[in-house]
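Below: one structure, written as structure tokens.
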Amino acid sequence: MEQKIYIETYGCQMNVNDSQVAASILVNEGCSITEDIHQADVILVNTCSVRDNAEKRVLGRLEVFHQEKKKRPNVIVGVMGCMAQRLREKLLENNNVDFSIGPDSYRSLPSVIKHISEGGEKLTETTLSKVETYADIDPVRVDSNGVTAFISIMRGCNNMCSYCIVPFTRGRERSRDPKSIEREAKQLVKEGFKEVTLLGQNVDSYLWTDPDNPTHTVNFAQLLELVALVNPKLRVRFQTSHPKDIRKGVLYTMAMYPNICPHIHLPVQSGSSRMLEKMNRKYTREEYLQKIQDIREILPDSAITTDIIAGFCSETDEDHKQTISLLKEVQYDSAFMFQYSQRPDTLAAKRYPDDVPEETKTARLNEIIALQNTISLAANKKCIGKTYEVLVEGTSKRSENQMIGRTPQNKVCVFDKKDCAPGDFVHVKVLSATSATLMGEIVKPRKYTQYDKNAYRL
Ligand code: SAH
Ligand code: SF4
Ligand code: F3S
């Protein structure tokens with residue numbers, strides 16, 4: 001196969017990683033990757049179903065791809081990812097799509113593309129697997145900054161939060177062989193990467209059982225340690241933690257290894273125990289707050305971030321107030337905030353009417369966003385005057401002379417270039433802050449790399 005492949009990716013980091021896996025599978029078959037859609041023989045779009053607007057955006061893109069197909073009728077258009085899994089052949093009917101392929105079927109991409117290019121019928125490949133983890137495939141790091149990379153450690157989700165489509169599009173949870181994860185981390189270090197983020201829908205339930213010796217298991221804390229030991233200057237992050245499953249063992253492992261970054265993304269979704277029960281999150285407000293207290297005690301420097309859903313089924317003003325009060329109590333460093341969007345076939349869609357009026361959802365979301373912005377600003381202002389070790393990721397979009405990087409706490413930091421380059425660790429003193437960004441200056445002009453004996457962490 002010698003086709004030129006163009007891939008566009010929507011949705012979460014898992015999808016970004018999956019696009020790289022798909023690229024790898026196709027490149028191994030002789031295809032090449034192009035960033036120019038007009039050069040492409042095959043246009044792939046990796047899609048997200050988590051909210052209705054995510055799907056709408058993709059449907060809009062399919063229109064654009066259709067225009068390309070009108071000009072060049074031989075172009076093949078394929079839909080990958082969660083929408084492909086959810087809509088299957090329905091996608092083929094109206095959208096001028098040649099094939100849809102679900103998240104567990106990417107090994108079939110070469111044969112599917114071959115079939116279509118030989119004039120075969122449109123088709124759908126959406127069998128979900130209980131075992132596929134793509135453990136042996138090295139993702140081609142397309143669109144990479146060469147500094148930070150994601151490693152998928154597990155796939156699927158068993159949680160069945162009532163609002164969520166992910167268990168339906170991604171299938172059952174399965175953990176990847178830790179040795180293949182370690183190998184991938186080592187390979188990334190060799191290629192010059194300085195930071196890896198371990199990815200899973202619920203990393204705290206990572207559990208690998210050795211098929212040759214079922215008494216030998218590896219849990220998430222052990223995996224984290226294994227990756228932290230790959231190289232002491234390789235930064236290690238992870239997402240997403242689940243409040244019902246995060247254990248102190250993970251927090252102690254983070255405290256023990258200075259290269260595991262002090263940041264925990266701990267989605268709460270709502271501050272109301274009544275809503276949490278309906279969401280099937282399996283923790284109460286009080287249990288969640290206890291986890292926050294554990295984090296603050298064991299990891300006092302850690303940033304904590306979250307996800308919130310406003311306007312879930314039957315949410316009252318009182319429930320909403322509970323979310324507001326929880327935000328005030330926890331003082332998150334930042335949050336992703338969404339308005340509830342009913343997803344077909346989820347438990348909530350079957351059981352509970354989507355009865356909070358649109359205006360109310362929007363008003364509550366706006367109130368949550370406004371409050372969190374002031375909290376994020378206050379949290380960032382606390383950084384002023386402090387110096388952080390920042391991993392330089394690239395040039396700032398606004399100015400060639402400014403660089404962008406992140407603190408260990410995952411805060412975005414902008415500073416004058418001086419003589420640093422992407423991949424350097426520099427010490428940045430924070431001079432000012434907005435709710436989203438820290439602005440500072442390099443206080444230790446000498447740059448060093450992870451191999452420098454004198455490198456230390458603040
Ligand atoms: N596995 C992660 C994140 C999954 S999706 C977790 O358990 O938290 C990312 C976020 O999208 C969720 O945390 C939730 O806040 C939001 N989300 C999921 N389904 C949604 C829906 N139907 N409507 C609005 N937001 C949703
Ligand atoms: Fe969805 Fe819940 Fe699984 Fe997260 S844990 S992916 S919100 S079902
Ligand atoms: Fe990710 Fe969206 Fe699927 S959030 S798992 S791409 S539904």
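Indexing begins at 1, ligand by ligand and atom by atom, following the structure's order.
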| said: Does the plane of the ring in Y288 sit parallel, tilted or perpendicular to the ring in Y283? Use 30° and 60° as the thresholds. | reply: tilted

Closest to atom 5 (S) of ligand 1 among protein heavy atoms sits V50 CG2, 4.0 Å

The answer for which part of Q339 has a heavy atom under 4.0 Å from ligand 1 is backbone

Among non-hydrogen protein atoms, atom 13 (O) of ligand 1 lies closest to D307 OD2, 2.6 Å

Q: Given salt bridge (Lys or Arg N to Asp or Glu O under 4.0 Å), test K248 with E297 step by step and report yes or no.
A: CA-CA 11 Å; K248 282 191 181 167; E297 265 169 37; 5.8 Å; no

among protein heavy atoms, the one nearest atom 7 (O) of ligand 1 is R281 NH1, 3.5 Å

Quick note on ligand 1: atoms under 4.0 Å from a heavy atom of F338 include exactly 10 (C), 11 (O), 15 (O), 16 (C), 25 (N)

Numbered in order shown, the ligand 1 atoms found under 4.0 Å of a heavy atom of P267 are 8 (O)

Counting only non-hydrogen atoms and a 4.0 Å cut-off, the residues near ligand 2 are C157, N159, M160, C161, Y163, C164, V166, P167, Q201, H242, R281

closest protein heavy atom to atom 3 (C) of ligand 1 is Q201 OE1, 3.9 Å

Original post:
Hey, are the side chains of H320 and I368 touching, using non-hydrogen atoms and a 4.5 Å cut-off?
Top reply: yes

V166 heavy atom under 4.0 Å from ligand 1:
no

At the 4.0 Å heavy-atom cut-off, does Q201 count as touching ligand 3? yes

Just by distance, with hydrogens left out, do T9 and S19 show a side-chain donor and acceptor under 3.5 Å apart?
yes

For Q269, the atoms of ligand 1 under 4.0 Å from one of its heavy atoms are 8 (O), 12 (C), 13 (O), 14 (C), 15 (O)

* Asked: So does E182 pair up with K186, basic N to acidic O under 4.0 Å?
  -> yes

Query raised in the report: Does D41 reach the main-chain N or O of I76 with its side chain, forming a donor-acceptor pair under 3.5 Å?
Result: no

Exactly one candidate in V196, V227, L224 meets side-chain contact (heavy atoms from CB on, under 4.5 Å) with F238; the answer is L224

What lies under 2.8 Å from atom 2 (Fe) of ligand 3, restricted to protein N/O/S atoms, is C48 SG

- [ ] Give the intermediate values and the outcome of salt bridge (Lys or Arg N to Asp or Glu O under 4.0 Å) for residues R107 and E132.
- [x] CA-CA 10 Å; R107 287 183 204 266; E132 179 64 271; 2.7 Å; yes

Short version for Y163: what comes under 4.0 Å of ligand 1, heavy atoms counted, is both

T306 side chain to L266 backbone, donor-acceptor under 3.5 Å: yes

Please determine if D177 and R183 form a salt bridge, counting it only when a charged side-chain N lies under 4.0 Å from a carboxylate O.
no

### Query
Taking distance alone, with no angle check, do Y340 and ligand 1 share an N/O pair under 3.5 Å?
no

min-distance protein heavy atom vs atom 23 (N) of ligand 1 -> S341 N, 3.1 Å

Quiz item: F338 vs F336 aromatic rings, parallel, tilted or perpendicular, using cut-offs 30° and 60°?
Solution: parallel

Close N or O approach (N202, ligand 1; < 3.5 Å): no

* Asked: Taking NZ, NE, NH1 and NH2 as the nitrogens, is one of them in R406 or E195 under 4.0 Å from a carboxylate oxygen of the other?
  -> no

D319/R364 ion pair, N-O < 4.0 Å: no

min-distance protein heavy atom vs atom 11 (O) of ligand 1 -> R51 NH1, 3.1 Å

Worksheet item: Looking only at distance, does T240 have an N or O less than 3.5 Å from an N or O of ligand 1?
Response: no

- prompt: Considering distance alone, does some N or O of R343 sit under 3.5 Å from an N or O of ligand 1?
  reply: no

